[in-house]
Amino acid sequence: MYKRQVYLASDSVIDTFRVTLFGVGYLTNPEIYINDEPGLAEAIINDDGFVIGARMLDRTKTFEGFPEIKIVGGGGYGAQLLPSLVCLDTDGLSKIGSTKIGTGRYVDCP
């Protein structure tokens, strides 16, 4: 199987998620793993047991490649999310708390 590799500028952050499959049977919020790391995002489920969205909890995490998203637990299965990444300049990163402005130099996205 051909897997396409996508490279991003190192200061790309996940802005939002798009639900591509709602899954079924979720009783509690499943854990979202981004590149096998838990705790960066939170799933949102509805009363019918579908994953209807997600939100980032750690807006300081940046990505150089397109991240892999896994949804695990919660009693259900089948949900899939597609992250929407945005490349922010230094001011934009500072506003979301991703950088601290100091004496260092920052390179903007191309």
Visitor: If you group Ile, Leu, Val, Met, Phe, Trp and Tyr by side-chain heavy-atom gaps below 4.5 Å, do Met56 and Ile52 land in one group?
Guide: yes
Visitor: Would Tyr77 end up clustered with Ile69 when hydrophobic side chains under 4.5 Å apart are linked, directly or stepwise?
Guide: yes
Visitor: Atom CZ in Phe17, atom CD in Glu42: separation rounded to 0.5 Å?
Guide: 11.0 Å
Visitor: Go through the steps for Ile44 and Asn29 under the test side chain to side chain contact (heavy atoms under 4.5 Å, CB included), then give the verdict.
Guide: CA-CA 6 Å; Ile44 303 166; Asn29 288 6; 5.9 Å; no
Visitor: If Ile, Leu, Val, Met, Phe, Trp and Tyr residues are connected whenever their side-chain heavy atoms lie under 4.5 Å apart, and connections chain through other members, are Tyr33 and Phe66 in the same group?
Guide: no
Visitor: Per the side chain to side chain contact (heavy atoms under 4.5 Å, CB included) rule, which among Ile34, Ile14, Val13, Leu40 passes with Lys61?
Guide: Leu40
Visitor: I'd like to know if Ile32 and Leu82 are part of one continuous hydrophobic network [Ile/Leu/Val/Met/Phe/Trp/Tyr, side-chain heavy atoms within less than 4.5 Å].
Guide: yes
Visitor: Would you say Asp48's side chain and Phe50's backbone share a donor-acceptor pair under 3.5 angstrom?
Guide: no
Visitor: Search all heavy atoms of Gly39 against all heavy atoms of Glu31 and return the closest pair with its distance.
Guide: N-OE2, 3.2 Å
Visitor: Under the salt bridge (Lys or Arg N to Asp or Glu O under 4.0 Å) test, which residues partner Asp36, sequence neighbours left out?
Guide: Lys70
Visitor: For the backbone of Pro67 and the side chain of Asn35, can you confirm whether one donor and one acceptor N or O come within less than 3.5 Å of each other?
Guide: no
Visitor: Side-chain heavy atoms nearer than 4.5 Å, only ILVMFWY residues, links allowed to pass through others: does that put Leu57 and Ile71 together?
Guide: no
Visitor: Please examine the side chains of Leu85 and Asp15, heavy atoms only from C-beta on, and report whether any two atoms are closer than 4.5 Å.
Guide: no
